[in-house]
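One structure is given below, encoded as structure tokens.
Both ligands and their constituent atoms are indexed starting at 1 by order of listing. We number each residue from 1, following the sequence as shown.
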Amino acid sequence: MAFPAGFGWGAATAAYQVEGGWDADGRGPCVWDTFTHQGGERVFKNQTGDVACGSYTLWEEDLKCIKQLGLTHYRFSLSWSRLLPDGTTGFINQKGIDYYNKVINDLLAHGVTPLVTIYHFDLPQALEDQGGWLSEAIIDIFDRYAQFCFRTFGDRVKQWITINEPNTYALIAYEMGIFAPGVPHPGTGGYQAAHNMIKAHARSWHSYNSLFRREQKGMVSLSLFFGWSEPADPNSVPDREATMRVISFTLDFFAKPIFIDGDYPELVKSRVASMSKKQGYPSSRLPEFTEEEKKMIKGTADFFAVQYYTTRFVKYQENKKGELGFIQDMEIDYFPDPSWKGVGWIYFVPWGIRKLLKYIKDTYNNPVIYITENGFPQRDPPSLDDTQRWEYFRQTFQELLRAIHVDGVNLQLYCAWSLLDNFEWNDGYNTRFGLFHVDFEDPARPRAPYTSAKEYAKVIKNNGLEGSS
Ligand code: BGC
């Protein structure tokens, strides 16, 4: 079975994870610069993205990798603070524009479609200093930044992701304090940040729609992370309900307002309200959208972008002490099956992706779906012959074929994470997701294909798997 004609094959990266050049040519600091420079072992061996893969100076090497794979699409993100060093359009860094112009123009000259993420976890530090995603002021500032991106690059970029995984970032950065800026706000920060991210996304979609769409004819969405969830005991009603809560609090929390009706799922609203009441809050910890905001948010995505890595089993776990927190609000525990092989938080569960795609099809009116990230890592030191890891990709492609041909899912693009080994946030360079190996000990940062890259190139060339069923 082959993929449909015209299916898009991509690989993805993100600015802070690959570019380096953290203070080159007028780039302003982002929250990850501050966070990694502070040390404190919050990142593996206190590693930083100061140099990373050096893509800021070695873009041509990345382009060679892209050509070697035969990608139809390349997904990368813009470094906000490289373009606008203090996050605002008050000062525009021409050197930053030049860099991305070169990337975009080179891709197009080689027949590769750029899929551009406007913001991937790297908030300018100057904006964090004013409250970051916890402050409502960010909505307007993000919208102006997005408009600047559309105006500057939109004559050539036709596929946009406004915010990468707002669901991950709101939770891991602003609720748990594990990602930069590193300050936990249990039970409140995640909701507040998510609320502002949804509004910022929606505002920038409207800006595109009213100011740029007619001329540029592009598409705008946001990418949502989801680890598929299955009830630990399928016969247990509490476990099944707990699983529904995970889906509602993580995926539907963003997708329902944006794709359906402008508002959060009832399950989330009622649960956070009742937990807040028990904890003595005068009102729900979950902010509310006004009627006007609901109208503004509804229908603000031109395709459904989703990122899948792994699956978990879910069990009901009562929050007996009324503890404050996002997971505690859900009253769940989640864990992998003991038989699953895993590296870090990612367990080898390719079949979860088919279930996720089917869920999106059924819940969100059969949208066009892009998988904007999917992958499986190796630990450092990695093996160039990563045949075992390729098995994850191969089985994933089989699942995608079933999703398309059996379930009728309207999947049009797949991006592997990642083109290169790169700075894997708190794991530094210890967790390697690349299709290409990068030697981080060598100042020239040479790239070399893993077996997975060679195999992926064959899949792209055949637009399918040989001999799959
Ligand atoms: C993020 C990437 C990250 C990848 C692997 C995704 O959640 O968008 O930046 O490297 O997962 O952890």
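Taking every non-hydrogen atom of Glu424 and a distance limit under 4.0 Å, the qualifying atoms of ligand 1 come out as 3 (C), 5 (C), 10 (O), 12 (O). Heavy-atom proximity to His120, at under 4.0 Å, picks out these atoms of ligand 1: 1 (C), 2 (C), 8 (O), 9 (O). Of all atoms in ligand 1, numbered sequentially from 1 with element shown, those under 4.0 Å from a heavy atom of Phe433 are 5 (C), 12 (O). The ligand atoms of ligand 1 that sit less than 4.0 angstrom from a heavy atom of Trp345 are 12 (O). Contact atoms of ligand 1 toward Asn164: 8 (O) (distance under 4.0 Å to a heavy atom of the residue). Within ligand 1, counting atoms from 1 as listed, the ones closer than 4.0 Å to a heavy atom of Gln307 are 8 (O).
Ion pair Asp98/Lys102 not flagged as a salt bridge, since none of the NZ, NE, NH1 or NH2 atoms sits closer than 4.0 Å to an Asp/Glu carboxylate oxygen. One finds a salt bridge joining Asp140 and Arg203 here, because a Lys/Arg side-chain nitrogen approaches an Asp/Glu carboxylate oxygen to under 4.0 Å. Comment: Glu61 does not engage Arg445 in a salt bridge, judged by the lack of any side-chain N to carboxylate O separation of less than 4.0 angstrom. Electrostatic pairing of Asp329 and Arg245 does not count as a salt bridge here, judged by no charged N lying under 4.0 Å from a carboxylate O.
For the pair Arg42 and Phe35, the distance from NZ or CZ to the six-membered ring centre is under 6.0 Å and the angle to the ring normal is within 45 degrees.
No N or O atom of Thr168 sits closer than 3.5 Å to an N or O atom of ligand 1.
Scanning the protein for heavy atoms near atom 1 (C) of ligand 1, the closest one is Glu373 OE1, 3.3 Å. Closest protein heavy atom to atom 7 (O) of ligand 1: Glu165 OE1, 2.5 Å. Considering only non-hydrogen protein atoms, atom 4 (C) of ligand 1 sits nearest to Tyr309 OH, 3.3 Å.
The aromatic rings of Phe76 and Tyr74 lie parallel to each other, with less than 30° between the two planes, well short of the 60° mark.
Here the two rings, on Trp390 and Tyr450, have centers that are 6.0 Å apart or farther.
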